[in-house]
Structures are given as structure tokens and as C-alpha cells.
Amino acid sequence: MRIGAHVDQADPLAEAAARSAEAVQFFLSDPQGWKAPKPREDAARLRAAEVDLYVHAPYVINVATLNNRIRIPSRKLLLGHAAAAAEIGAKGLIVHGGHVNAGDDLAVGFDNWRKTFAYAADSGGFPVPVLIENTAGGENACARRLDALARLWDAVGDHEVGFCLDTCHAYAGGEELLDLVDRVKAITGRIDLVHANNSKGGFNSGQDRHDNLDGGTIDPDLVVAVIRAAGAPVIVETPGGAAGQGADIAFLRDKLGTGA
Ligand SMILES: [Zn+2]
């Protein structure tokens with residue numbers, strides 16, 4: 001089981017070494033911006049690296065929204081990131097489930113997700129696996145709670161779609177972690193990546209505020225149980241830089257008995 005961290009995009013391999021991480025996730029552009037990713041000078045070095053690479057798409061992306069002025073550029077930015085992620089040999093592109101605005105029909109949001117994959121399929125499909133991540137907040141989210149996730153998967157299930165399970169988002173979003181993996185897999189059939197984070201916010205608080213594994217409001221053993229059940233690679237998106245994340249990675253290796 002590969003365990004790693006979300007790191008700064010400037011030199012991801014140095015960040016991996018600083019944490020003894022076997023995997024890293026990073027952004028390819030400003031996560032709050034709409035700029036397409038620039039080609040990376042270290043692409044060949046990244047492709048050849050033994051560390052597994054994951055790319056997190058910008059937070060501004062929302063392919064579900066009924067607002068054309070957000071949805072159309074979101075789709076384009078997602079495709080641009082998928083191409084750039086493929087260029088560096090990334091194992092997957094993580095993107096949040098998105099939401100529709102208050103008063104808008106969530107069914108249209110799910111159909112917009114379907115159209116995103118159909119649109120990509122027209123040009124040969126996404127060049128890397130796209131992993132949709134569950135989110136913590138909002139009452140009109142596509143992937144906050146499992147009832148919505150089931151509707152999302154009904155819409156996109158004909159395409160090759162991966163899933164990234166974030167433990168902070170699940171808990172703060174109002175899903176108990178006990179047996180969560182079984183309930184998710186009953187819907188998606190797969191979990192491709194676990195974001196192992198504790199939560200500063202309480203259960204069902206809707207707050208997306210990550211904490212180190214031994215901090216926060218979640219029993220860390222529950223996070224470990226989720227990882228064990230998922231059997232997927234793990235990325236911690238926790239505070240504290242190399243020291244904080246390195247400690248979280250060491251904690252997980254110890255609990256999971258994966259040595260190193
Ligand atoms: Zn996450």
C-alpha cells in the first residue's frame with residue numbers, strides 16, 4: 001500500500017523524499033485560478049520517478065453547475081489538466097464532485113457530469129483516470145452524501161470513472177466512517193485513492209478543515225480502518241508541512257504494519 005502526501009508543486013520529488021512518501025499529490029496550476037497548466041520542465045524526471053504521482057484539479061472546477069460560465073470553462077480546464085497529468089505520468093486526476101446552485105435541479109447536475117465524460121469520450125476519453133472526490137459541504141452537492149453519490153454513479157456509470165474517498169469530507173459531510181467503504185463500494189464498485197485526513201469540524205458540520213491524524217474530531221483508528229478496507233493508495237492532505245505530514249505517514253505505516 002503506497003502512502004504519501006499532498007505537497008507543493010515546485011519540486012514534488014524533493015517533497016516526497018522529505019516525508020519518506022511513496023506517493024505525492026500536487027496541483028499543476030493555481031488551485032483557485034482558471035489558468036491552464038503550463039508544461040513542466042521536469043516532466044521526464046517525474047515520469048521516471050518511483051514515487052507515484054497524483055494531480056489534484058483546481059478547486060474552481062465545477063462541471064455539475066447549471067451556470068454555463070462556470071461549467072464550460074470547468075470542462076475545458078479538467079481536460080487540460082488530464083492532458084498535463086498524462087504528460088508527467090500521473091496515476092490519476094482528482095476532481096471534486098461539484099454542486100448546483102440553490103434552487104437548481106440536482107438531476108441536471110448529475111447529467112452535466114455524464115455529459116463531461118461523454119464530451120471527453122468524443123475525443124478519445126480522458127488520458128488519465130479521473131477520480132471524483134467526495135466533498136464536505138453544501139446542500140446541493142453531487143458527492144457529499146452517499147444518496148447523491150448513488151445518483152451521480154447512475155449518471156456516469158457507463159464511463160470509466162474512478163473514486164477518491166476523503167475521510168475528513170465524509171465525516172464532516174455527515175457519513176459515519178464505520179463500514180463506509182462497503183457502502184461506497186456498493187455504489188461505485190471501487191475506491192482508487194483514499195485521502196486520509198482528520199477533521200477540525202465535527203460530524204456533519206459541513207466544514208472542509210483538515211487536521212493531522214492524531215488531532216481533530218475523528219478517532220484515528222477509524223481512518224486506519226477505512227484505509228485497510230479500501231485497500232487503495234493513501235494521500236494525507238494534512239497540515240504541518242514535511243514534519244506534520246511525515247508524522248502522519250509514519251503513524252499510518254505503523255498502524256497498518258507496512259514497515260519502512
Ligand atoms: Zn481530499
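Every number for a ligand or one of its atoms is a count from 1 in the order of the listing.
- In the model, His99 has no side-chain atom that pairs as donor or acceptor with a side-chain atom of Glu139 under 3.5 Å.
- Remark: the His210 side chain and the His169 side chain contain an N/O donor-acceptor pair separated by less than 3.5 Å.
- Here the options are Asp211, Asp248, Asn198, the test is side chain to side chain donor-acceptor pair (under 3.5 Å), and the partner is Thr238; only Asp248 passes.
- Listed by chain and number, the protein N, O or S atoms at a distance under 2.8 Å from the Zn ion (ligand 1) are Glu133 OE2, Asp166 OD2, His195 ND1, Glu237 OE1.
- With no hydrogens or angles considered, a side-chain donor-acceptor pair links Asn204 and Arg145 at under 3.5 Å.
- To the nearest 0.5 Å, the span separating NZ on Lys91 from CG on Leu193 amounts to 12.0 Å.
- Screening residues 110-128 for salt bridge (charged side-chain N to carboxylate O under 4.0 Å, His left out), with sequence neighbours left out, gives Asp111-Arg114, Asp111-Lys115.
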